[in-house]
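Atoms considered below: every heavy atom in the structure, side chains included; atoms not considered: hydrogens, waters and symmetry mates.
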Amino acid sequence: MTQVRIREVVGTLQAVDSESLLSPQIMERIVAAVLQATQGAQRDEAARQRDTRIGAACCQGGGEHGGKP
């Protein structure tokens, strides 16, 4: 199984008229789902950056495991 992460999506939506295929309620659901997915991706990225940061708190001095002997 392959996982794919899409970091940015650019799209264009053209509202035609009241007879279009997407009702305002469906459009709201789509927008909410996209926002939720975007926020999740941002949380994942922030967690990844925290997890891969060089110089973790335990190595910066002070605390139980850091500092000078």
Any side chain to side chain donor-acceptor pair (under 3.5 Å) involving residues 25-42? Give me the pairs, sequence neighbours left out, ordered by first then second residue.
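As it turns out, the side chain to side chain donor-acceptor pair (under 3.5 Å) pairs with a partner in residues 25-42, which skip direct neighbours, are Ser23-Gln25.
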Is the shortest heavy-atom distance from the side chain of Glu8 to the side chain of Val10 under 4.5 Å?
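Yes; the side chains approach each other to less than 4.5 Å.
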Where at least one partner belongs to residues 35-45, residue pairs that pass salt bridge (Lys or Arg N to Asp or Glu O under 4.0 Å), sequence neighbours excluded:
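Output for this query lists Arg7-Glu45, Glu45-Arg48.
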